Amino acid sequence: MAFNLIFLGPPGAGKGTLALRVKDMLHIPHISTGNIFREAITAKTPLGLKVKSIIDAGKLVDDDTTVALVKEYFAQSGMQAGYILDGFPRTIAQADALALFSTVTHAVNFDIEDTVVLERLGGRRVCRSCGFNWHASFNPPKQANVCDKCGGEVYTRDDDKPEAVQKRLLVYREQTAPLTAYYRAKGLLVDIDANGNVETILTHFKKALNL
Ligand code: ADP
Ligand code: ZN
């Protein structure tokens, strides 16, 4: 059976971190709309120029742009064996659009308190090359700006600044949180406790999916 997974949950819930582990475990592609947007911003492509100020402010990119981007990935090969969609869908309109080109098998909902999220995002440092999430206090790289895994540059995302974080949490509550009820109604929601380190969360994930 293919695992067509979407990862739902507030910013800082650990979706990206867990996705890298699940990707290796199940050998399925990991598509992070946030990572794709950030790469476009770094490369200064037309998409990057269009979305930079929106993302830095903690707002959502419009549904048409985002859906078109994800659809492009689905047109490529390699998605038949399953996938992890991390950060998409983020609105009901995106979920409805997704349903027209792929059938989700599990909506994995990361359950976590805002206080934990704020602590994690405040110290988050991201590798520009491999996407690994470090943390200034909990899991720092040996050298502040260099990724231990790949030697890439480790930096602080502009949208991890306090004002943007508040905005992202608000946007999450208003626009994305309703997706839990949406997928629950379809019988696809899988809640996992997102407290603790990635090993602990991976254990919860495997148990919830009978892996
Ligand atoms: P987070 O840590 O908030 O989960 P992501 O890396 O998933 O961050 O996304 C970063 C930003 O990229 C979001 O705050 C938003 O501006 C934009 N973005 C990512 N995915 C989507 C989406 N599906 N729809 C609209 N905007 C998105
Ligand atoms: Zn790296």
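Ligands are counted one by one from 1 in listed order, and the atoms in each one are counted from 1 as well. Values below: every heavy atom of this structure, side chains too, minus hydrogens, waters and symmetry copies. For clarity, every value in this text was computed on a predicted model and none was experimentally measured.
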Undergrad: Can a side-chain donor-acceptor contact be found between Thr200 and Asn197 if the only test is distance below 3.5 angstrom?
TA: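 Side-chain D/A pair, Asn197 to Thr200: present.
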Undergrad: Considering only protein heavy atoms, which is closest to atom 26 (N) of ligand 1, and at what distance to one decimal place?
TA: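 Looking at atom 26 (N) of ligand 1, the protein heavy atom closest to it is Val61 N, 3.0 Å.
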Undergrad: Using side-chain heavy atoms (C-beta onward) and a distance below 4.5 Å, is Phe132 in contact with Asn139?
TA: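 Yes - at least one pair of side-chain heavy atoms lies under 4.5 Å apart.
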Undergrad: Just let me know how Asp63 lines up against ligand 1, side chain, backbone, both or neither, with a heavy-atom cut-off below 4.0 Å.
TA: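 Asp63 to ligand 1: no contact under 4.0 Å from either part.
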Undergrad: Could you report the tightest heavy-atom contact between Arg125 and Thr156, atom names first, then the distance?
TA: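 Between these two residues, the closest heavy atoms are CD-OG1, 3.2 Å.
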Undergrad: What's the shortest distance from atom 8 (O) of ligand 1 to any protein heavy atom, and which residue and atom give it?
TA: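 So the nearest neighbour among protein heavy atoms is Arg157 NH2, 3.1 Å.
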Undergrad: Counting both backbone and side chain atoms, is some N or O of Gly87 under 3.5 Å from an N or O of ligand 1?
TA: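 Among all N and O atoms of Gly87, at least one is under 3.5 Å from an N or O of ligand 1.
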Undergrad: Working to the nearest 0.5 Å, report the span between CG of Asp193 and OG1 of Thr203.
TA: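 One gets 11.0 Å once the value is rounded to the nearest 0.5 Å.
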Undergrad: Using heavy-atom distances, let me know which of Lys52, Lys15, Lys167, Gln94 sits nearest atom 4 (O) of ligand 1.
TA: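 Comparing heavy atoms across Lys52, Lys15, Lys167, Gln94, the nearest one to atom 4 (O) of ligand 1 lies in Lys15.
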Undergrad: To the nearest 0.5 angstrom, please state how far the OH atom of Tyr183 sits from the NE2 atom of His106.
TA: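 Rounded to the nearest 0.5 Å, the OH-NE2 separation comes out at 13.5 Å.
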Undergrad: Enumerate the atoms of ligand 1 whose separation from the nearest heavy atom of Thr66 is less than 4.0 angstrom.
TA: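 So the atoms of ligand 1 that pass are 22 (C), 23 (N), 24 (N), 25 (C).
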Undergrad: Taking NZ, NE, NH1 and NH2 as the nitrogens, is one of them in Asp160 or Arg168 under 4.0 Å from a carboxylate oxygen of the other?
TA: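 The answer is yes: the pair qualifies as a salt bridge.
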Undergrad: If you link I, L, V, M, F, W and Y whenever their side-chain heavy atoms are under 4.5 Å apart, who else ends up in the same group as Leu169?
TA: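 Same cluster as Leu169: Ile112, Val116, Val117, Leu118, Leu121, Val165.
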Undergrad: To check your reading of the model: name the closest protein heavy atom to atom 20 (N) of ligand 1, its residue, and the distance in Å.
TA: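 It is Thr33 OG1, 2.7 Å.
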Undergrad: If you have a sec, work out which protein heavy atom is nearest atom 12 (O) of ligand 1 and how many Å separate them, to one decimal?
TA: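 The protein heavy atom lying closest is Ile55 CD1, 3.6 Å.
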Undergrad: Quick check: are there more than 12 heavy atoms from other residues, nucleotides or ligands sitting under 6.0 Å from CD of Gln143?
TA: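 No, not enclosed.
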Undergrad: Hey, which of Phe74, Phe7, Phe88 is the one that makes ring-ring contact (aromatic ring centres under 6.0 Å, His included) with Tyr83?
TA: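 Looking at Phe74, Phe7, Phe88, the match for Tyr83 under the ring-ring contact (aromatic ring centres under 6.0 Å, His included) is Phe74.
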Undergrad: Give the single entry among Arg168, Arg90, Arg120 that approaches atom 5 (P) of ligand 1 most closely by any heavy atom.
TA: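 Residue with the shortest heavy-atom distance to the ligand atom: Arg90.
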Undergrad: Measuring from atom 16 (O) of ligand 1, which candidate in Arg38, Lys59, Arg124 has the nearest non-hydrogen atom?
TA: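 The residue whose heavy atom sits nearest atom 16 (O) of ligand 1 is Lys59.
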Undergrad: For ligand 1, which atoms sit closer than 4.0 Å to a heavy atom of Gly34?
TA: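 Going through ligand 1 atom by atom, the ones under 4.0 Å from Gly34 are 5 (P), 6 (O), 9 (O), 19 (C).
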Undergrad: For atom 27 (C) of ligand 1, what is the nearest protein heavy atom, given as residue, atom name and distance?
TA: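 Heavy-atom neighbour on the protein nearest atom 27 (C) of ligand 1: Phe37 CE1, 3.8 Å.
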Undergrad: Between Asp114 and Arg173, does at least one N-O distance fall below 4.0 Å, as a salt bridge requires?
TA: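 Salt bridge present between Asp114 and Arg173.
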Undergrad: Establish, for the pair Arg128 and Tyr155, whether the NZ or CZ atom is under 6.0 angstrom from the six-membered ring centre and no further than 45 degrees off its axis.
TA: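 The answer is yes; both the distance and angle limits are met.
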Undergrad: Indicate whether the side chain of Asn109 and that of Thr180 have a donor and an acceptor atom separated by less than 3.5 Å.
TA: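 No, because no side-chain N or O of Asn109 sits under 3.5 Å from a partner of the opposite role on Thr180.
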Undergrad: So, with waters excluded, how many protein N/O/S atoms does the Zn ion (ligand 2) have closer than 2.8 Å?
TA: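 Atoms of protein N, O or S type lying less than 2.8 Å from the Zn ion (ligand 2) total 4.
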